[in-house]
Student: 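Here's a structure for you.
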2 protein chains.
Amino acid sequence: MKNVWIAGIGMTKFGRRKDSLEDMILEAARNALVDSGYDDFDAVYVGAMHPEGFLGTSNLASVITDYLGLVPAPAMRVESASSTGAALFTAGFHAVASGDCRRVLIIAGEVMTRVPTSKATHILSQVIDGDERRHGATMPALAALSTRRYMVEYGLTSRELALVAVKNHANGARNPYAHFQKEITIEDVMSSKLICDPLRLYDCSPISDGAAAVVLTDTPSAIRVAGFGQATDLISVQMRSDLTHFTSTRIAAERAFKMAGISPADIGTAEIHDAFTSFEIIGSEDVGLFPAGGGRRALIDGITQHDGRLPINASGGLKARGHPVGTSGLAQVVEIVLQLTGKAQYPHPQGVRYGLTQSVGGLATNNLVTIMEAIR
Amino acid sequence: MKNVWIAGIGMTKFGRRKDSLEDMILEAARNALVDSGYDDFDAVYVGAMHPEGFLGTSNLASVITDYLGLVPAPAMRVESASSTGAALFTAGFHAVASGDCRRVLIIAGEVMTRVPTSKATHILSQVIDGDERRHGATMPALAALSTRRYMVEYGLTSRELALVAVKNHANGARNPYAHFQKEITIEDVMSSKLICDPLRLYDCSPISDGAAAVVLTDTPSAIRVAGFGQATDLISVQMRSDLTHFTSTRIAAERAFKMAGISPADIGTAEIHDAFTSFEIIGSEDVGLFPAGGGRRALIDGITQHDGRLPINASGGLKARGHPVGTSGLAQVVEIVLQLTGKAQYPHPQGVRYGLTQSVGGLATNNLVTIMEAIR
């Protein structure tokens with residue numbers, strides 16, 4: 001398999017934006033084009049989870065390729081629920097790794113704030129198991145179930161859990177791309193509205209608009225795609241053997257580390273899918289950065305702070321940078337590249353060789369892990 | 001780039017089905033599993049154009065992978081409007097050609113008949129340019145524009161055009177998978193309802209349900225994927241220089257033939273995207289089987305009949321087999337494999353080495369051509 005490199009990245013500010021999905025995707029893409037120095041591509045990969053439902057937009061891959069002036073480049077859309085941006089990345093990787101394409105543009109975007117919050121929540125909850133949904137389950141409800149079980153098994157308290165939101169908001173406050181750019185306190189989290197016990201409003205990532213782009217190439221550059229892994233899990237959460245950890249992340253991480261030929265100890269920074277605060281702790285354990293229950297300890301001890309031994313979500317994560325669902329998996333890759341190249345404008349570790357992303361699709365039914373390597 | 005082979009195929013009967021999308025996809029997939037002899041896969045690629053709009057179904061790739069018992073295989077959905085099944089095929093091809101996957105399952109399905117025809121038509125017309133749509137354009141309207149122009153330039157008459165529907169219905173009548181299994185006459189076509197002048201009801205493919213599946217592998221088998229090509233075009237039809245031919249098909253065909261190292265003269269059978277009868281004639285010229293205007297002559301002379309020199313849509317095509325939008329591009333591949341291996345139950349050419357498919361996404365904004373080779 002050929003090596004694949006990242007030649008350029010681009011991103012928009014996340015948040016409640018007035019721009020159209022097309023305009024946001026074009027903005028991220030143009031930033032990546034400028035960053036890469038390339039302006040023609042063998043293929044365009046476009047990611048969005050549900051532009052039809054959020055906006056009534058169809059045929060997105062063709063539309064974007066046209067608007068970017070990249071016709072007649074081949075184009076397709078990829079979707080895997082909330083891990084869409086990461087699955088998209090692997091599709092583009094395969095095109096280059098096969099030798100069929102020398103250079104591909106990968107762009108993900110989602111505009112979620114144009115519909116009422118109730119409709120956005122409805123769309124998001126459509127990804128879970130139909131039977132569980134008909135019994136009243138929603139994404140936050142299932143995440144709350146997992147969180148409560150983790151608390152019981154590993155002694156995590158609500159005040160400790162709040163540290164994730166406090167940390168990520170502090171990080172996001174220094175990230176110019178972040179949806180939320182204000183620091184919050186434990187008291188802010190603890191006094192915020194209860195969404196689904198034990199998850200409060202500040203334990204949940206926001207509904208956001210935003211786009212991200214990456215240029216992949218077969219030509220050596222400063223960042224190599226060292227590895228990736230993907231795995232699915234049963235749709236029905238009640239059928240799983242473990243509520244506190246996600247098998248799909250574990251298998252995805254094993255595959256990614258095997259491909260990269262390294263171990264979790266080699267990772268110097270990570271972007272973990274903190275759609276809910278507890279998912280950051282669970283995800284950090286599932287990818288192997290900490291043993292089961294060790295994510296809580298690392299959080300309390302400040303190890304995952306931006307200046308700690310192993311920063312997690314130095315960008316602010318989904319919690320503070322925002323979570324335009326189809327974009328997040330690719331935005332994580334962009335953040336890792338910014339950190340590995342020292343270009344991130346927020347405090348982040350320096351001189352790191354390997355950075356990792358972890359993305360969750362649905363209620364952990366389709367998870368991915370990617371590993372990027374800085375070549376120095 | 002590694003060679004990629006087709007290890008197995010599967011399909012459901014197309015038509016107005018009572019089964020769920022999931023059940024239809026599972027049926028096609030299981031047929032492909034049995035045909036290939038394999039039951040585990042390195043990845044699952046799922047194609048559907050708009051299951052959310054037609055059915056309210058989300059997270060389809062994870063759902064299908066679970067229901068097939070293939071968890072934790074990686075899975076993603078691919079979409080490119082009405083060429084989804086063909087774009088999906090290229091995504092799976094890249095995964096195997098890269099060496100990352102040794103064996104992938106590719107499945108496409110669409111259930112369109114659960115919504116009223118007016119809603120289905122609305123969903124389908126969302127793929128065209130927004131400005132043209134706001135001025136009243138629909139898919140049939142734009143296709144009619146193209147057809148009328150072709151008639152003016154190449155002297156095609158409505159009675160001649162009707163020969164496409166007559167031929168494909170005769171073919172479909174012998175294909176057990178076809179939506180329509182009855183022969184029709186020129187008079188039937190000419191007296192059918194005018195949809196958009198000059199296109200009549202029998203010039204348009206039906207709204208159908210159906211699923212198809214293909215197993216791709218790096219292990220030599222009887223059918224090799226010899227080549228494929230994909231190209232996009234401007235969304236706005238009025239901005240194009242030529243209404244009677246599709247640049248996206250022409251470029252896709254050039255790429256496919258270059259990859260396969262053969263010329264159009266080597267093709268022994270073809271499945272062309274006849275969503276509208278005129279598209280079969282146009283497509284057959286665009287891929288290079290006939291010169292501009294020569295598709296009309298070939299049709300009149302019977303060259304494209306199942307027992308002619310170069311059969312087109314011996315399966316019945318989209319016109320008679322049916323057109324579940326996300327499925328058709330992959331169903332064409334299945335039909336070509338059935339013909340190349342002599343397993344098609346309908347009359348088809350024998351001993352053919354190369355077969356071709358052509359798929360149209362949107363109003364020819366995202367077209368693909370694939371070429372399969374029979375190894376004897």
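Values reported hereafter were calculated over all heavy atoms of this structure, with side chains retained and with hydrogens, waters and symmetry mates removed. In what follows, chains are A, B, ... by sequence order, proteins preceding strands, each numbered from 1. If you're wondering where the values come from, they're calculated on a predicted model, not measured in any experiment.
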Student: Under a 4.5 Å heavy-atom cutoff, which of B:Gly361, B:Gly56, B:Ala95 has the most pairs with chain A?
Tutor: B:Ala95
Student: Mind checking side chain to side chain contact (heavy atoms under 4.5 Å, CB included) for B:Ser20 and listing every partner two or more places apart, or none if nothing turns up?
Tutor: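 Only B:Glu22, B:Asp23 meet the side chain to side chain contact (heavy atoms under 4.5 Å, CB included) criterion with B:Ser20.
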Student: Centroid separation under 6.0 Å, is that true for the rings of A:Phe93 and A:Phe228?
Tutor: yes
Student: Examine whether an atom of B:Asp66 lies under 4.5 Å from a heavy atom of chain A, and if so say whether it belongs to the side chain, the backbone or both; otherwise answer neither.
Tutor: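 Just the side chain, heavy atoms under 4.5 Å.
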Student: Decide yes or no for A:Asn367 and A:Gln230: does some side-chain heavy atom of the first lie under 4.5 Å from some side-chain heavy atom of the second?
Tutor: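 Contact flag for A:Asn367/A:Gln230 side chains = no.
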Student: With sequence neighbours excluded, tell me which residues meet side chain to side chain donor-acceptor pair (under 3.5 Å) with A:Ser328.
Tutor: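 Scan of A:Ser328 (side chain to side chain donor-acceptor pair (under 3.5 Å), adjacent residues dropped) gives A:His323.
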Student: Check whether B:Ile235 gets within reach of chain A through its side chain, its backbone, both or neither, counting any heavy atom under 4.5 Å.
Tutor: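 Both the backbone and the side chain of B:Ile235 come within 4.5 Å of chain A.
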Student: Side chain from CB out, backbone as N, CA, C, O: work out which of these in B:Ser248 comes under 4.5 Å of a heavy atom of chain A, or both, or neither.
Tutor: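 Interface part for B:Ser248: neither.
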Student: Which atoms of A:Ile251 are under 4.5 Å from chain B, going by heavy atoms: the side chain, the backbone, both sets, or neither?
Tutor: side chain
Student: At a heavy-atom distance under 4.5 Å, which candidate from B:Asp100, B:Thr65, B:Val63 has the highest pair count against chain A?
Tutor: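 When all of B:Asp100, B:Thr65, B:Val63 are compared, B:Asp100 has the most.
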Student: Would you mind reporting whether B:Leu21 and B:Leu60 have side-chain heavy atoms less than 4.5 Å apart?
Tutor: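 B:Leu60 vs B:Leu21: side chains touch.
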Student: Using a heavy-atom distance cut-off of less than 4.5 Å, which residues of residues 68-81 of chain A contact chain B?
Tutor: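 Interface residues of residues 68-81 of chain A: A:Val71, A:Pro72, A:Ala73, A:Pro74, A:Ala75, A:Met76, A:Arg77, A:Val78, A:Glu79, A:Ser80, A:Ala81.
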Student: Distance-only criterion, 3.5 Å: show the donor-acceptor pairs between side-chain atoms of residues 39-49 of chain A and protein atoms not counting sequence neighbours.
Tutor:
from	atom 1	to	atom 2	distance (Å)
A:Asp40	OD1	A:Arg103	NH2	3.0
A:Asp42	OD2	A:Arg102	N	2.7
A:Asp42	OD2	A:Arg103	N	3.1

Student: Highest number of heavy-atom pairs under 4.5 Å with chain B: which of A:Ser98, A:Gly53, A:Ala252?
Tutor: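 Option with the top pair count is A:Ser98.
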Student: Any salt bridge linking B:Lys2 with B:Asp218? Criterion: basic side-chain nitrogen under 4.0 Å from a carboxylate oxygen.
Tutor: no
Student: Measuring only between side-chain heavy atoms, which start at C-beta, is B:Val333 closer than 4.5 Å to B:Val225?
Tutor: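 With C-beta onward as the side chain, the pair stays apart.
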Student: Below 4.5 Å from any heavy atom of chain B, which atoms of A:Ser236 appear? Answer side chain, backbone, both or neither.
Tutor: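 For A:Ser236, backbone heavy atoms alone lie under 4.5 Å from chain B.
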Student: Taking every heavy-atom pair that is under 4.5 Å apart, which of B:Gly130, B:Ala97, B:Gly99 has the most such pairs with chain A?
Tutor: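 Looking at each of B:Gly130, B:Ala97, B:Gly99 in turn, B:Ala97 comes out on top.
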Student: Less than 4.5 Å apart, any side-chain heavy atom of A:Met372 and any of A:Thr357?
Tutor: yes
Student: Who among B:Asn59, B:Thr90, B:Leu368, B:Thr57 has the most heavy-atom pairs with chain A under 4.5 Å?
Tutor: B:Asn59
Student: Decide yes or no for B:Leu363 and B:Arg240: does some side-chain heavy atom of the first lie under 4.5 Å from some side-chain heavy atom of the second?
Tutor: yes
Student: Do A:Val325 and A:Leu124 make a side-chain contact, defined as non-hydrogen atoms from C-beta onward lying under 4.5 Å apart?
Tutor: yes
